[in-house]
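Worksheet: one structure, shown below.
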Amino acid sequence: MSAQILDGQKTARDIRAEISQRVAALKTARGVTPRLAAVLVGDNPASEAYVGMKEKACGWVGIESETHRLPDTATQEEVESLIHRLNADPRVHGILIQHPLPRHLDETRALSLLAPDKDVDGISRASLGALITGEEAFISCTPLGIIELLDRYQIPIEGKRAVVVGRSIILGKPVALLLLNRHATVTICHSRTRDLPSVIREADILVAAVGRAEMITGAMIKPGAVVIDAGYNRVAGRRGDVGDVHFESAREVAAWITPVPGGVGPMTIAMLLQNTLLAAENSLRADVPTDR
Ligand code: NDP
């Protein structure tokens, strides 16, 4: 048996085509162009690359973007004052603070200042809290992209056993909550989980969000499982990024699997574009004045 591929690249392309049409319609009908502001602090090359990819993707669908760069030495006050300025700028519909911020900064505090209606990365305290209370808010882009990918392939979630390996605020915890909200029975694993392989083997839907190259092998996976690999890992001597799942052995047992690259990554960016468009549409609904 060889698993079918959950093609994030193609699905993201379809979603971008839909977004392009809605962006154009918004421009024609209301004269408003969605605008994303990215905040990049320090000179982390991976963060620089991610922000570049996001800017490029905005361009593909007609969303305007601006990037605010602060040096590695930026103070908490400087970061916070930039966030306040962007919160108040009516031309900006979405704000993305590229993670991670340099270690001397209080990232949790900075993120908590984001206006919820502009938090298109779904990372503020208010957005994350809404996942628990069921209120409407933006949902973190990678978890949202994972659910969207399952939905577009019509993979049922309700009643399934889901195992999420990883419990980070941006990925493991929110994707577990989304699966729970869709009526899966969810187990969350982490670095202190005992006998991880036996927990993983229970999964009908497995989400790997660990950050350890090829840690999960086919021998750990239940035959017929759906395997979502969110991992992006650099490995010395190998070209490109490697997932948390050992693709070749996993695809022999799984029913569905995401490749790395071309699985979760493109879906994350598509969801960022979608959330930015929604933020612009919502701003008109809320009758927030714009200067256009
Ligand atoms: P974090 O480092 O924040 O979290 C990793 C999680 O994995 C932690 O909860 C940790 O447990 C757990 N973990 C670490 N080692 C083990 C182990 N041996 N067994 C079980 N659990 C373990 O990572 P992120 O959530 O930010 O990212 C995870 C991966 O996803 C990375 O490869 C990252 O590059 C990728 N990623 C991909 C995105 C995309 O767009 N596709 C977006 C964001 C991230 P504990 O809490 O106990 O420390």
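For reference, positions follow the sequence shown, starting with 1. Every heavy atom of this structure was used, including side-chain atoms; hydrogens, water molecules and symmetry mates were not.
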Cluster companions of Val51 among Ile, Leu, Val, Met, Phe, Trp, Tyr (side-chain spacing under 4.5 Å): Leu40
Glu55 and Thr67 side chains, donor-acceptor separation under 3.5 Å: yes
Ser81-His84 side chain donor-acceptor pair, cut-off 3.5 Å: no
Minimum heavy-atom distance Arg182-Ile147, with the two atoms named: NH1-CG2, 3.4 Å
Salt bridge Glu64-Lys27, side-chain N to carboxylate O under 4.0 Å: no
Thr258/Asp229 under side-chain hydrogen bond (donor to acceptor under 3.5 Å, both in side chains): CA gap, chis, key distance, verdict: CA-CA 6 Å; Thr258 57; Asp229 187 355; 5.6 Å; no
Minimal non-hydrogen separation, Ala270 against Ile15, with atom names: CB-CG2, 4.1 Å
Asp195/Ser198 under side-chain hydrogen bond (donor to acceptor under 3.5 Å, both in side chains): CA gap, chis, key distance, verdict: CA-CA 6 Å; Asp195 194 5; Ser198 74; 2.9 Å; yes
Any donor-acceptor pair under 3.5 Å from Ser47 side chain to Asp43 backbone: no
Nearest non-hydrogen partners of Asp7 and Tyr153, listed with the distance: N-OH, 3.0 Å
N-O pairing of Glu214 and Arg238 below 4.0 Å: yes
Pair Arg152 + Glu148: basic N to acidic O under 4.0 Å: yes
Full working for side-chain hydrogen bond (donor to acceptor under 3.5 Å, both in side chains) between Asp241 and Asn233: CA-CA 5 Å; Asp241 293 303; Asn233 309 292; over 6 Å; no
Thr193 (side chain) donor-acceptor with Leu196 (main chain) under 3.5 angstrom: no
Over 12 non-hydrogen atoms of neighbours within 6.0 angstrom of CZ in Arg201: yes
Pair Arg85 + Asp89, salt bridge at N-O below 4.0 Å: no
The single option from Ile83, Asp121, Val41 passing side-chain contact (heavy atoms from CB on, under 4.5 Å) against Ile97: Ile83
Thr217 and Ser249: CA distance, side-chain angles, deciding distance, side-chain hydrogen bond (donor to acceptor under 3.5 Å, both in side chains) verdict: CA-CA 6 Å; Thr217 61; Ser249 61; 5.2 Å; no
